[in-house]
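In each ligand, atom 1 is the first atom listed, and ligand 1 is the first ligand listed. Residue numbers start at 1 and run along the sequence shown.
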Amino acid sequence: MPFLEIKDLHASIDEKEILSGFSLNIEKGEVHAIMGPNGSGKSTFANVLLGHPRYSIKSGEILVEGKSILGLGTDERANKGLFLGFQYPTEISGVGYSHFLRNSYNALSKSLGQEQKNREVFLTVKEFHEYVKRNLDEVGLDPSFLSRYLNEGFSGGEKKRSEVMQMLVLKPNIAVLDEPDSGLDIDAVRAVAGAINSLIDTGAGIVVITHYARILRYLNKLDRVHIMAKGKIIKSGDKELSEELESRGYGWLGLEDTQD
Ligand code: ADP
Ligand code: MG
């Protein structure tokens, strides 16, 4: 049984169907990419997975280790080790970054318990800060970010680095990263890919949503590449498929009318 199973999911917003039979299985340790034209429902899939309240599920299932999570809130899904790196991270004034990270980490550790053997237990705030600093270094963010409010005043690139840094700190079972490379300069794309590679080493399952083959080339592992159109996966392949999309676009797939 795969760790995460998404079966024939139909999801709507304001009675408009956005996901129309979306199915995907992710095993821990696997790395998947989802590509596809704008508006095909990639972010909707990511949001629905974590239980965004604006979307209603009309049919289908999302199972974690064989059990439905559709009735669970976002915090409960996160405590099962699901992580979402946002396409557009929100600035949350008043929530201290360091405080947020420590509470999230502790909640997840409590929930996953002994299940993840490589989870450190931090007894003191100082120990935790040292751990976070190592992860900040890895993505090229200065430790001063820890004393700021969550994402407040971060540049676009800093927000993206910060999302993957949170992922590294939390060590989820499955991470979905929604366009972690969009708007980044080349060094930042390398840093983000490096962070993804570090998470791969922990044995997590990872889904990278992207428009570009470039970030995928930096990954140490890529098991499947999926093309999404009109709310579902219409084609899957290996790394070659991402290169083919980069050189040929979507035209050859007959998707010209997907922007409607
Ligand atoms: P992608 O990430 O592949 O570009 P999205 O999942 O963001 O696509 O969007 C898929 C479709 O759902 C688009 O047509 C978009 O306009 C619509 N959609 C997404 N969120 C909302 C919303 N909050 N209200 C209305 N329509 C939405
Ligand atoms: Mg999107």
Requested in this report: Take every heavy atom of Lys16, measure it against each atom of ligand 1, and state whether any distance is under 4.0 Å.
Outcome: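 It does, in that a heavy atom of Lys16 comes within the 4.0 Å cut-off of ligand 1.
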
Report task. For Tyr55 and ligand 1, answer yes if some heavy atom of the residue is under 4.0 Å from a ligand atom, otherwise no. Result -> yes

Considering the heavy atoms of [X], write down every atom of ligand 1 situated less than 4.0 Å from one of them.
{"X": "Arg54", "value": "23 (N)"}
{"X": "Thr44", "value": "5 (P), 6 (O), 9 (O), 10 (C)"}
{"X": "Asn38", "value": "4 (O)"}
{"X": "Ile13", "value": "21 (C), 22 (C), 23 (N), 24 (N), 25 (C), 26 (N), 27 (C)"}
{"X": "Ile18", "value": "10 (C), 11 (C), 12 (O), 17 (C), 18 (N)"}

**Report entry** Ion pair Glu130/Lys126, N-O distance below 4.0 Å
**Finding:** yes

Query - Lys/Arg N to Asp/Glu carboxylate O, Glu120 vs Lys171, below 4.0 Å - result: yes

Query raised in the report: In the single-linkage hydrophobic clustering (I, L, V, M, F, W, Y; side-chain heavy atoms under 4.5 Å), do Ile227 and Leu222 co-cluster?
Result: yes

Report task. Take the Mg ion (ligand 2) as the vertex and measure to OE1 of Gln87 and OG of Ser43; round to 10°. Result -> 80°

Query raised in the report: For Ser198 and Glu138, does a side-chain donor sit closer than 3.5 Å to a side-chain acceptor?
Result: yes

Query raised in the report: Going by atom types alone, do Ser43 and Asp178 pair a side-chain donor with an acceptor below 3.5 Å?
Result: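 Distance-only check passes for Ser43 and Asp178.
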
Report task. Using distance alone, determine whether Gln87 and ligand 1 share an N or O pair under 3.5 Å. Result ->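 Gln87 vs ligand 1: no N/O contact under 3.5 Å.
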
Report summary line: Out of Gly41, Ser12, Ser43, the nearest non-hydrogen contact to atom 7 (O) of ligand 1 is supplied by Ser43

Query raised in the report: Checking side chain to side chain contact (heavy atoms under 4.5 Å, CB included) against Arg161, which of Leu136, Leu184, Leu141 comes through?
Result: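 Result for side chain to side chain contact (heavy atoms under 4.5 Å, CB included) with Arg161: Leu141.
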
Report task. Run the ring-centre check on Tyr131 versus Tyr105 and record whether the distance is less than 6.0 Å. Result -> yes

